[in-house]
**Student:** 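Before I ask anything, here is the structure I am working with.
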Amino acid sequence: MTPFTSLNSVAVPLLRDNVDTDAIIPSREMKSTGRTGLADGLFAPWRYLDAVARVPDPAFPLNQPEAQGAQILLGGANFGCGSSREHAVWALAEYGIRCVIAESFAPIFRGNCIRNGILPVTLDRAAIDGLGWQKLVVDLTTQTVTADGKSHAFTIEEEPRQMLLEGLDAIALTLKSLPEIDAWTQADRARRPWIYAGKAA
Amino acid sequence: MTQRPKTLFEKIWDAHHVAQTAGGAHLIAIDRVFLHERTGASALKSLAASGRPVRDPARVFAVMDHIVDTRIGRGDDTLMPGGSAFITETRAAAQAAGITLFDVNDPDQGITHVISPELGIVLPGATLVAPDSHTCTQGALGAFAWGIGSSEAEHAMATGVLRLDRPKTMRVTFNGTLASAVTPKDMALHLLATYGAGGGAGHVVEFAGEAVTALDIEGRMTLCNMATEFSAMTAIIAPDAKTYAYLAGRRHAPASFDASYWSKLTTDDGATFDREIVIDAATIAPMVSWGTSPEHSMAVTGSVPKGPDRAHAYIGLEAGQTLLGTPIDAAFIGSCTNARLSDLRRAADLLRGRHIAPTMRKALVVPGSSAVKRAAEAEGLDKVFTAAGFEWRASGCSLCFYAGGESFPEGSRTISSTNRNFEGRQGPGIRTHIASPETVAASAIAGAIADPRELAR
Ligand code: SF4
């Protein structure tokens, strides 16, 4: 996973509440069991006037000339709600988004962001309203979003922060605790044998 | 020394707590992983590509439910372009990993959250994860069960644990008794309409109170199913005699539920939650959604409230309009919310001897599992539905979501027993109203949104 320390980019506002993962990547755009080939389908229902012919809707924020190469997306409340599909995050990442700043996130989507090197930042709505189309510096070491000299502090739990900063693979990290996991599992087998029984005879 | 009173969730959390990480997260043991072909193959393939084995394949299950065709006589082909690759690749990956697979035409096939309880795979006090947001449904059995992403599924399979920050807790108490013809679906929509789609964010929600304990297990699953629409991490209901009676004899369930362990799976008196909501069940009416978020829900007899312009424009209804009498083109009874035997029975009761309106362009019933389908057929429910003008299908997610294959007729306004009314959820431009199976049945008969109480006999 690519580490995330700081980012310098224009912020594209998509200030709607309850942006769901069906809108971020519709099911019909998930054409294979892989994690790639998704950027083209990102926000397909909103980004294209005709999703089949891929005719862009010039009014959609990501289609504005200033949005070219943008790595930061702004959202409203409950961003990423709906289906757990990690494809929503893979599509954002493949498109080039490295940070989503929203009023709140749906929990599965937020977890998926962290696992894929996208920083989810929660700020209040008033702050977000002032960030649209601004050049921002998002710094995870200082936990600040700065626009035009004005900084907003954000919080993130220590573990996801470290994982993002160092680009850590969560599985590799957890496997270091394998002796503890094994010991726990062995004790649990005695406590709750039915969990491990498999198919009952 | 007496212990500090604990919530049910805290007890399960503590019982699965393996260690705390340097970063402050917790390693929580995962008892069961459930995969489906839509998101499961990518988790299994990615795990295999990394050279890591599944730690305990006996505790990992997979099923074909999302992409699988629901037309009778199906095979691996699907109407979704490229859809059969999801089936064949999941099958190959599941076989290679040595996990239990419920294949397309397996007698135990069905929607993940329907078959996991049916087969006794989810158990009270256990942890279960699946790369599917509606895994919260299974909390109805007293498990800590929640939806995750594919990377997390891979993590759980490779390590047997997940790294979690401790969620907050909320109790939603439904006091009193539901009025007749009011269902658990209406309880869920009422909660969403009152407290919003972000109302449960970051919380594990315990549903409690008389109106919840009065529900049968299938009804409890319907209620817990929509916790993800509430943005909750998951939902849970304390197991009771009904839960153990439901699970007794199920294939993967223990042979006996020894009281000393299982009886402790309740929230202690005096345990505290981060947040409490209390609802008087008697005030809940049959509900229907009017907009494009499940929080856009209202009593079927009410008038459409003011909401975001986008939602009004998409659904084609203005604030102040009544919903009753709004013409509909299609009806769908199915999904992990409302396609269990009791749901089908209640819908069939209203449809018996009646027919859907001639203006209806599509109406289908998709049983939640192959077992539900067989049981319904044994009671003749399939005949009731087909005589009333509904198509009778094989089990799967079907038109709960649009995958690029089958859809509703262009421009349809659909009433659906599902859980999501998002823009385009059931097909591009399709307008979805979510409601109970009773309300769907009553509306299909009327050809317009209708109050099921008018038909109830
Ligand atoms: S029935 Fe619908 S909501 Fe349930 S698992 Fe299938 S697609 Fe998801």
Side-chain angles (χ1 to χ4, degrees), chain A residues 16-18 20-23 26-35 45-46 51 77-78 81-87 89 103-109 111-112 115-116 157-163 170-171 173-175 177-178 180-181 184-185 188 191-200, chain B residues 18-19 21 23-25 27 29 31 39 41-42 45-46 50 52 58-59 80-82 85-86 89-90 100 123 126 131-133 147-152 154-155 158-161 163 165 197-198 201-202 231 233 251-255 293 295 308 310 401-404 420 422-425 428:
Chain A
R16 298 174 189 172
D17 291 340
N18 302 315
D20 61 78
T21 53
D22 278 74
S27 194
R28 64 179 176 279
E29 300 288 348
M30 295 158 51
K31 292 174 180 137
S32 82
T33 58
R35 304 179 168 205
W46 296 343
N78 200 27
C81 62
S83 157
S84 65
R85 63 187 67 157
E86 198 159 324
H87 306 69
V89 169
E103 212 179 325
S104 59
F105 290 92
I108 303 174
F109 178 85
N112 286 341
R115 290 281 178 264
N116 289 279
E157 306 87 323
E158 191 48 28
E159 159 127 345
R161 181 169 172 270
Q162 285 304 328
M163 302 203 84
I171 299 180
L173 205 61
T174 302
L175 287 173
S177 304
L178 211 50
E180 273 165 292
I181 299 170
W184 186 94
T185 309
D188 191 53
R191 277 193 303 266
R192 302 183 306 150
W194 58 85
I195 289 293
Y196 304 88
K199 216 173 211 178
Chain B
V18 176
T21 70
L27 298 185
D31 296 329
T39 52
S42 51
K45 278 167 63 177
S46 169
S50 69
R52 293 171 178 139
R59 294 188 284 132
M80 175 198 163
F86 287 83
E89 289 180 31
T90 299
T100 303
L123 292 172
D132 189 283
S133 56
I148 53 175
S150 301
S151 297
E152 289 283 81
E154 207 182 314
H155 189 292
T159 66
V161 299
R163 309 172 77 88
D165 287 304
S231 198
M233 178 184 184
R251 175 139 20 101
H252 292 266
S293 159
E295 73 181 19
R310 254 195 98 79
F401 79 114
Y402 173 68
R420 287 187 176 139
F422 300 155
E423 287 181 30
R425 169 76 180 180

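A note on names: the letters A, B, ... follow the listed sequences, proteins ahead of strands, and every chain is numbered from 1.
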**Student:** Please look at B:Leu27 and chain A and tell me whether the side chain, the backbone, both or neither of the residue comes under 4.5 angstrom of a heavy atom of that chain.
**Tutor:** side chain

**Student:** Given heavy-atom pairs under 4.5 angstrom as the criterion, report whether the side chain, backbone, both or neither of A:Asn116 touches chain B.
**Tutor:** side chain

**Student:** Could you work out, with salt bridge (charged side-chain N to carboxylate O under 4.0 Å, His left out) as the rule, every residue matching B:Asp31, not counting sequence neighbours?
**Tutor:** A:Arg192

**Student:** Do you know which of B:Glu295, B:Arg52, B:Lys45 has the most heavy-atom pairs with chain A at a distance under 4.5 angstrom?
**Tutor:** B:Arg52

**Student:** Would you name the heavy atoms of A:Glu180 and B:Val18 that are closest together and state the gap between them?
**Tutor:** O-CG1, 3.9 Å

**Student:** Considering residues at least two apart in sequence or located in another chain, which fulfil the side-chain hydrogen bond (donor to acceptor under 3.5 Å, both in side chains) criterion with A:Thr21?
**Tutor:** none

**Student:** For B:Phe401, which atoms come within 4.5 Å of any heavy atom of chain A: side chain, backbone, both, or neither?
**Tutor:** side chain

**Student:** Which atoms of A:Ala170 come close to chain B, meaning under 4.5 Å heavy atom to heavy atom: side chain ones, backbone ones, both, or neither?
**Tutor:** both

**Student:** One thing to verify: whether A:Arg16 and B:Glu423 come together as a salt bridge, which I'm taking to mean a side-chain N less than 4.0 angstrom from a carboxylate O.
**Tutor:** no

**Student:** Would you say that B:Thr159 contacts A:Leu175 through its side chain, given a criterion of any heavy-atom pair below 4.5 Å between the two side chains?
**Tutor:** yes

**Student:** Pick one of side chain, backbone, both or neither for B:Ser50, based on which atoms fall under 4.5 Å of a heavy atom in chain A.
**Tutor:** neither

**Student:** Which bit of A:Ser83 comes within less than 4.5 Å of chain B, counting heavy atoms only: side chain, backbone, both or neither?
**Tutor:** both

**Student:** Report which part of A:Ile181 has an atom under 4.5 Å of a heavy atom belonging to chain B: side chain, backbone, both, or neither.
**Tutor:** both

**Student:** Counting N and O atoms only, with roles assigned by atom type, does the side chain of A:Glu86 sit under 3.5 Å from a partner on the main chain of B:Ser151, one being a donor and the other an acceptor?
**Tutor:** yes

**Student:** Without swapping roles, check the side chain of A:Ser84 against the backbone of B:Pro131 for a donor-acceptor pair under 3.5 Å.
**Tutor:** yes

**Student:** Please find the pair of heavy atoms, one from A:Ser27 and one from B:Tyr402, that lie closest to each other, and give the distance.
**Tutor:** CB-O, 3.2 Å

**Student:** Looking at B:Gly82, B:Ala25, B:Ala41, B:Ala19, which makes the most heavy-atom pairs under 4.5 Å with chain A?
**Tutor:** B:Ala25

**Student:** Checking heavy atoms, do the side chain of B:Ser293, its backbone, both or neither come under 4.5 Å from chain A?
**Tutor:** side chain

**Student:** Answer yes or no: is there a donor N or O on one side and an acceptor on the other, between the side chain of B:Arg420 and the main chain of A:Gly82, under 3.5 Å?
**Tutor:** yes

**Student:** At their closest point, which heavy atom of A:Arg35 faces which heavy atom of B:Glu154, and how far apart are they?
**Tutor:** NH2-OE1, 3.1 Å

